[in-house]
Amino acid sequence: MINLSRLSLDRAPPLWVPLQFMAVAPLFGVLFAGVMILLGPQVLVSRWMPGMIGAAHLLVLGYVAMVMFGAMQQMLPVVAGSPVPRGAITSRLSFMLLTLGTPLLGIGLALHRPAWIAVGGVLVLGGLGVFTLTALIALARSQARGPTTQAMTLAVIALLVTAALGGWLAGGHLGLGWPLPRHMTDLHLAWGLLGWVALLVAGAAYQVVPMFQMTPEYPVLPARLHAPLVFAILAVMTLTALLPVPAATAKVINMTGSGMLAALMAGFAGITLWLQSRRRRRNADVTVRFWHIGMVSLLAAVLVWVVIQLLPGRGLWGVWALVLAWLFVAGFAVSVINGMLYKIVPFLVWLHLNQTRMGSGNFAMRVPNMHEVIPLGLTRLQLRLHLAALVAGLTALAWPALLIPAMLLFAASNGLLSWNLFTGIRCYRASLNAPRTTTG
């Protein structure tokens, strides 16, 4: 049984608030794949290729950030006990700004269209601003002080830093007159991927892994220290880059900090896999498999980072950088997001139908169980497509001629994921609109 005792379910927002983000997000994975196919194998030459930069923003902003926005719209009132201020309005506004701005920004960067970058950048920064402001207000009001709330708070601040650095970089691309040193891009990536994405995944994991996967709780000390340490290391590395620190000292700080961040990422992945090995239910379902893929990908990304350090001649300029990015974003972040969506969406459908049943007094209304909301066969098929796309993507980095098959698999996987999520929404509507049964 799922333990709901720690959740403030009475404060849950309307179902459409989180689902608008979650159901649309995989379509940005399809868009990412389409842009990569149109750009062709030459986009894999370097991470500095404009096409790669633009496509990456489609995937990270349109897919990863979109789902995380939706998840936090649900977690803030239910887990932290603090609803987002004017949640219905602010969620709709941030959704619209991000949905409209991300394609303009991403495609504008890929094709070097200054006007698109300008308009898309303003819309995206507006969406991020609305989200971060309302989320920080909700977190400041929260009485909860556990590792989940702590990680969410630091992740939102990290997103704010990421957005500020991104705005600076976008202005540089538009020729507004300020320099674009490479360390600014590296800081933008570090705050976005390690500060925002990884910390929010960890914060969600502390709640959803024990609750949905029937594992023991995360060890208290690692859970409490993980987010503050990651945030502090990123802050020190950022100050080192921005202040006049001697080059030799800066190199030592950056190498030490990077090593500590790699160890913290590996530690989180290792603890999660260890907890999952101790599940009360021995048969792993599809969602657990997605988490397994995500944690193994994160460990593989750490290993690739170590290889990069041992090959300074190639460094972050060659294919290794793209391997690292693919493992982290598609392998770790997207896999975990898939796993969370297949638990969160059926749970929300079940929860809101139950609340409707109790509120209406129609106790004869049939509420489907969580396993009926999305057909198991479709989720298993999508898992296989996702795993095939990950392997094909890695293969394409070695043999770029395989880019098109890899991206077709990635598009198929995310198209099916979106179909599955909309199937859950249709299940909700069908149950809600079923003829009212009377007893007597």
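Hydrogens, waters and symmetry mates are skipped; everything else that's a heavy atom, side chains included, is used.
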If we ignore hydrogens and angles and just use 3.5 Å, is the side chain of [X] paired with the main-chain N or O of [Y] as donor and acceptor?
X	Y	value
R113	A110	no
T153	T149	yes
S418	A23	yes
Q213	P210	no
W326	L390	yes
T102	T99	no
S277	W274	yes
T256	I253	no
Q309	W305	yes
T148	G203	yes

Should [X] and [Y] count as side-chain neighbours, where that means a heavy-atom distance under 4.5 Å?
X	Y	answer
L378	Q382	no
W291	V208	yes
I117	L105	yes
F328	L194	yes
V84	M72	no
M22	V345	yes
I37	F410	no
I293	L383	yes

Distance-only donor-acceptor pairs under 3.5 Å for side chains of residues 261-269, two or more places apart:
none

Evaluate the criterion side-chain contact (heavy atoms from CB on, under 4.5 Å) for residue pair D285 and K343; output intermediate values, then yes/no. CA-CA 10 Å; D285 61 12; K343 281 297 186 185; 3.2 Å; yes

From [atom1] ([X]) to [atom2] ([Y]), nearest 0.5 Å:
X	Y	atom1	atom2	answer
F69	L128	CZ	CG	4.5 Å
L165	T185	CG	OG1	9.5 Å
F95	M66	CZ	CE	5.5 Å
L394	S297	CG	OG	8.0 Å
L15	L351	CG	CG	9.0 Å
I404	L408	CD1	CG	7.0 Å

Do you know the tightest heavy-atom contact between [X] and [Y]?
X	Y	value
L98	L61	CD2-O, 3.9 Å
A392	L409	CB-CD1, 3.9 Å
T134	T90	CG2-CG2, 3.7 Å
G51	L39	CA-CD1, 3.5 Å
A396	L44	O-CD1, 3.6 Å
L199	A155	CB-CB, 3.9 Å

Atom pairs and distances, donor-acceptor, side-chain atoms in residues 218-245, under 3.5 Å, two or more places apart:
from: Y218; atom 1: OH; to: T272; atom 2: OG1; distance (Å): 2.8
from: T238; atom 1: OG1; to: W191; atom 2: NE1; distance (Å): 2.7
from: T238; atom 1: OG1; to: L234; atom 2: O; distance (Å): 2.7
from: T240; atom 1: OG1; to: V236; atom 2: O; distance (Å): 2.8

Verdict with supporting geometry, V373 and F347, side-chain contact (heavy atoms from CB on, under 4.5 Å): CA-CA 9 Å; V373 174; F347 173 71; over 6 Å; no

Examine the side chains of N414 and Y63 and answer whether a donor and an acceptor come within less than 3.5 Å of each other.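 The answer is yes; a qualifying pair exists.
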
Run E217 and Y206 through side-chain contact (heavy atoms from CB on, under 4.5 Å) and show every step you take. CA-CA 7 Å; E217 298 286 338; Y206 301 147; over 6 Å; no

Can you run down the side-chain hydrogen bond (donor to acceptor under 3.5 Å, both in side chains) pairs that involve residues 384-394, sequence neighbours left out, and say none if there aren't any?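 Listed by first then second residue: S335-H386.
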
Residues, nucleotides or ligands: over 12 heavy atoms within 6.0 Å of M49 CE: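 Yes, because the 6.0 Å sphere around CE of M49 holds more than 12 heavy atoms from other groups.
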
May I have the step-by-step check of side-chain contact (heavy atoms from CB on, under 4.5 Å) for F131 and Q73, ending in yes or no? CA-CA 9 Å; F131 171 78; Q73 296 285 342; 4.3 Å; yes

